[in-house]
Every structure is written in structure tokens, then in C-alpha cells.
There are 2 protein chains.
Amino acid sequence: MSDKRQRLLDAALRLAHESGLSRTTLARIAEESKVPLGNIYYYFRTKEALWRAVIEVRRGQVEQVLARAATAPDPKAQLLALTEYFLEAGDEISRFGCPFGGLCHDLSQEEGVDPELRAAPLATLLDWADERFQTLGQPKKEARRLAGHLVAGIQGGALLAHAMADPKLLRREIRFLQRWIETV
Amino acid sequence: MSDKRQRLLDAALRLAHESGLSRTTLARIAEESKVPLGNIYYYFRTKEALWRAVIEVRRGQVEQVLARAATAPDPKAQLLALTEYFLEAGDEISRFGCPFGGLCHDLSQEEGVDPELRAAPLATLLDWADERFQTLGQPKKEARRLAGHLVAGIQGGALLAHAMADPKLLRREIRFLQRWIETV
DNA sequence: GTCTATAAGATGATAGAC
DNA sequence: GTCTATCATCTTATAGAC
């Protein structure tokens, strides 16, 4: 039972996040995972297949974050718990960008990846927040708007913090969103 | 008096926006601008020098957008006028991403470009919004927060619309921000 | 299943004729 | 200033031995 596939995935996850999709070559993944270059193709038929697997992992990680947030007692506390994650991961996000939004952005510049799949991490976030706002009594259309505002704020804060290399920009925006959630 | 340099810049601007920085090769720029590949190096010593020029142009475009918004009668109307730009450019942003934020994101994944310069378009936006909120009577620290929230919302909305290929996501967020500006 | 060698093509950059 | 030819390197992918 070999763990090579897992090591390849881990390396691809890490490098794609830290260096961006386009700068992550199979050679670097091979080196990082200690799997010989040619052997990669036994586990992933093409580089694109590897990216598809990476997206699935990120989607799963989003679901984990959401599952943890969902343990909070009420919808408002759950939304706050979600924002808390981006506060905890603030330094990493500031250095490398959001592992979810950044990936979705990079993927929309590649061709050949199914548009539905490549946006899955963000779509999962949006749908989850949408449900919470509905449970809070918001009408369907308004809940969609509020969910969009929350995720846009998070992703925009992550983009600013990353581009300007300043974690404060993300922290301030998250705190701003937290106060906003309290008032909804 | 040759216009080759300008043609090269135009092509680089367009391709970097539509395909992303990493997929924009000198060969494509040469083809698009009808300048022979080898001749590019007479106008730009390296590919990176070309990107530096591209950033400067984008920074100038941001300044133009801000100058237009600054013709509105008061600070609040000026901030609203800024958001209006992202409504007008909504379809293009949804297809290719924000020409300012997307570039800054792509650049932070390249190495060798001065971090100060590469974030210039976003920094210009932030500073301008900051000034307006201060003129509206907000204390320095709060104005910084509000400016961050505005730009984060815009950029996050652009990211969502681009990643999910749905211009509605940006439009909804801009309208949300516009109503928010009215209440500040 | 694993690994080396290498094909095939793309890419940034340069040399040198005009 | 302009352009062709080309180098050196990188990158995805495959062939084929073990």
C-alpha cells in the first residue's frame, strides 16, 4: 500500500498555494514529494487531473471548516465562527493568498478545467452562508446578497492582505465583517 | 517616430488581463502587436521590464478613474462614483477579472517585481478612498478601516464574479456597497 | 508499480545581418 | 532601429527497462 499518491497531492497542494498554480511544475512537485517525475503519471494521467484532485481536496477542507463552524449554537454564531477561521489563518493568507479563493482565481486563468468544479470551494462557502442567513429569517434573495457580501469581504480582504503583504488588512476586514454580522 | 512600444504595451495590457500574467508569453505579445519577437528587446530589456511598464499604465488608469469620480460634488458622491465604474466594467471584470486587483494578484506570484510597485494600483485606490472617508469626518483609523472595507468588497465581488463566471455577483455586491456608503 | 532516459514543444533571451 | 535565426533551458508527457 503506497502513499505516493498522497505525497504527490500534499506537495501539489502546498506548492500551488505558496507559489501559485502557474509556477508549480511537475518537476517541483516530484522533488518536493520525493516521487520520480515519470512516476507521477502512474497516479495522475495528466497535470490537469492532478489539479482536479487538488480542487477536490480544497473543497473538502472548506467543508471541514464549515463543519467546525456549524457546531456553534446558532446561525449568527456559526457565521462568526466561519470568519474566525480566516483570522486564525491570517498570516498564512497574507503570505500566500487564500488557499480557496486564490486557487479558484488561478484556475479561471487555466483552460480545460470544468468551470463548475473549479469554482466549487467558493460555491460551497457561498451556499453555506446563504443557508445561515435564511435561517436568520432573511428572505431568499436577501440571504443570497448577504452571503455574497460576507464571502466577498473575506476574499477581498485576503486579496488586499496578500497583494500588499500586510496581514492587518485582512484582520481589520474580518473584524469589520464580524461587527456587521452582529447587526444583521 | 515609431509606435511599436505603444503597440507592445497595449498588447501586453490586453493579454495579461484576458489570459493572466503567466499565460502571456512574449511570442503572443509579439503576434498580437505585430512586432517581431526579437524586436521586443529593443523596447524592453527583459520581460519583467515590460510588466513594470504594464503596472505603471494600470496605476495611471486607476488615477483616471479616481479623477473622474473626484468631479462629483461631495466625498460621499465621489465614493459612489467610484463604485459606479465597477458596475460599468462589470461584464469585462466578470469575464477576465479586475484589471487592477487581478494584476496585483498575479504579480504577487511572480518573483523579482518590487513589492511596492506591484501593489501600486490597489494602494492608490485605498489611499483615495481613505481621504474621502476622512473628509466625511471619520477619524484616521476608522477611515482606513472603511476604505479597506470598500476596496475589499469591490475586489472580493470581482473575484467571485470572475471565478463563478457570473456578473450578477459583482453587481449585487457593488449595489450593497453603495447602500452602505449612504449610511456612513 | 517503479524509475531512467528522452522526446517534443514552448519560452526567454541573444547574435548578428541589414 | 529592425528583423531572422537560433541558443539554452524548462516543461509536459511518453517509452521502455526492471
Side-chain angles (χ1 to χ4, degrees), chain A residues 1-57 102-103 105-114 117-118, chain B residues 1-57 103 106-114 117-118:
Chain A
M1 199 52 54
S2 152
D3 63 339
K4 285 202 176 66
R5 196 192 138 93
Q6 190 58 47
R7 292 216 311 275
L8 284 167
L9 256 181
D10 289 343
L13 260 299
R14 204 175 79 84
L15 291 173
H17 184 207
E18 297 185 359
S19 315
L21 224 59
S22 58
R23 286 184 53 205
T24 302
T25 64
L26 292 175
R28 289 183 69 199
I29 293 172
E31 189 186 18
E32 175 88 7
S33 61
K34 315 283 185 202
V35 174
L37 179 58
N39 197 196
I40 295 180
Y41 289 90
Y42 176 78
Y43 297 96
F44 301 96
R45 286 175 66 205
T46 64
K47 197 190 185 190
E48 193 207 310
L50 175 53
W51 292 147
R52 281 199 297 271
V54 163
I55 301 170
E56 296 288 9
V57 172
L103 180 65
H105 176 268
D106 289 0
L107 283 164
S108 32
Q109 288 182 163
E110 306 274 315
E111 48 195 11
V113 181
D114 175 42
L117 175 62
R118 79 178 182 210
Chain B
M1 198 54 51
S2 154
D3 63 338
K4 284 202 177 66
R5 197 192 138 92
Q6 189 59 48
R7 292 216 312 274
L8 284 167
L9 255 182
D10 289 343
L13 260 298
R14 206 175 78 83
L15 290 174
H17 184 206
E18 297 185 359
S19 315
L21 224 58
S22 57
R23 285 184 53 208
T24 301
T25 63
L26 292 176
R28 289 183 68 200
I29 293 172
E31 189 186 19
E32 175 87 6
S33 60
K34 313 285 186 205
V35 173
L37 177 58
N39 199 7
I40 294 181
Y41 289 89
Y42 177 76
Y43 297 96
F44 301 96
R45 286 173 68 200
T46 64
K47 198 188 185 192
E48 193 208 310
L50 175 53
W51 289 147
R52 281 199 297 270
V54 163
I55 301 170
E56 296 288 7
V57 172
L103 180 65
D106 289 359
L107 283 164
S108 30
Q109 289 182 163
E110 307 274 315
E111 47 195 14
V113 181
D114 174 43
L117 175 62
R118 79 179 182 212

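So that the names make sense, note that chain A is the first sequence line, chain B the second, and so on, each numbered from 1.
Note that CD1 of A:Ile29 is 9.5 Å distant from CD of A:Glu32, once rounded to the nearest 0.5 Å. To the nearest 0.5 Å, the span separating CD1 on A:Ile55 from CG on A:Leu50 amounts to 10.0 Å.
Summarising the local packing, CD of B:Glu31 is surrounded by 12 or fewer heavy atoms from other residues, nucleotides or ligands at distances under 6.0 Å.
Side-chain contact check for A:His105 versus B:Asp106: some heavy-atom pair is nearer than 4.5 Å. Using a 4.5 Å cut-off on side-chain heavy atoms (C-beta onward), A:Arg118 and A:Ser108 make contact.
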Tabulated below should be each protein N or O lying under 3.5 Å from an N or O of nucleotides 1-3 of chain D; please produce it.
| unit_1 | atom_1 | unit_2 | atom_2 | d |
| --- | --- | --- | --- | --- |
| D:dG1 | OP2 | B:Tyr42 | OH | 2.7 |
| D:dG1 | O5' | B:Tyr42 | OH | 3.3 |
| D:dT2 | OP1 | B:Lys4 | NZ | 3.3 |
| D:dT2 | OP2 | B:Tyr43 | OH | 2.0 |
| D:dC3 | OP2 | B:Asn39 | ND2 | 3.3 |

Close N/O contacts between protein and nucleotides 9-12 of chain D (under 3.5 Å):
| unit_1 | atom_1 | unit_2 | atom_2 | d |
| --- | --- | --- | --- | --- |
| D:dT12 | OP1 | A:Lys47 | NZ | 2.4 |
| D:dT12 | OP2 | A:Leu26 | N | 2.9 |

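We find that B:Glu56 and B:Arg52 are not joined by a salt bridge, their nearest charged nitrogen and carboxylate oxygen being 4.0 Å or further apart.
For B:Ser33 against B:Arg7, the heavy-atom pair with the smallest separation is O-NE, 2.8 Å.
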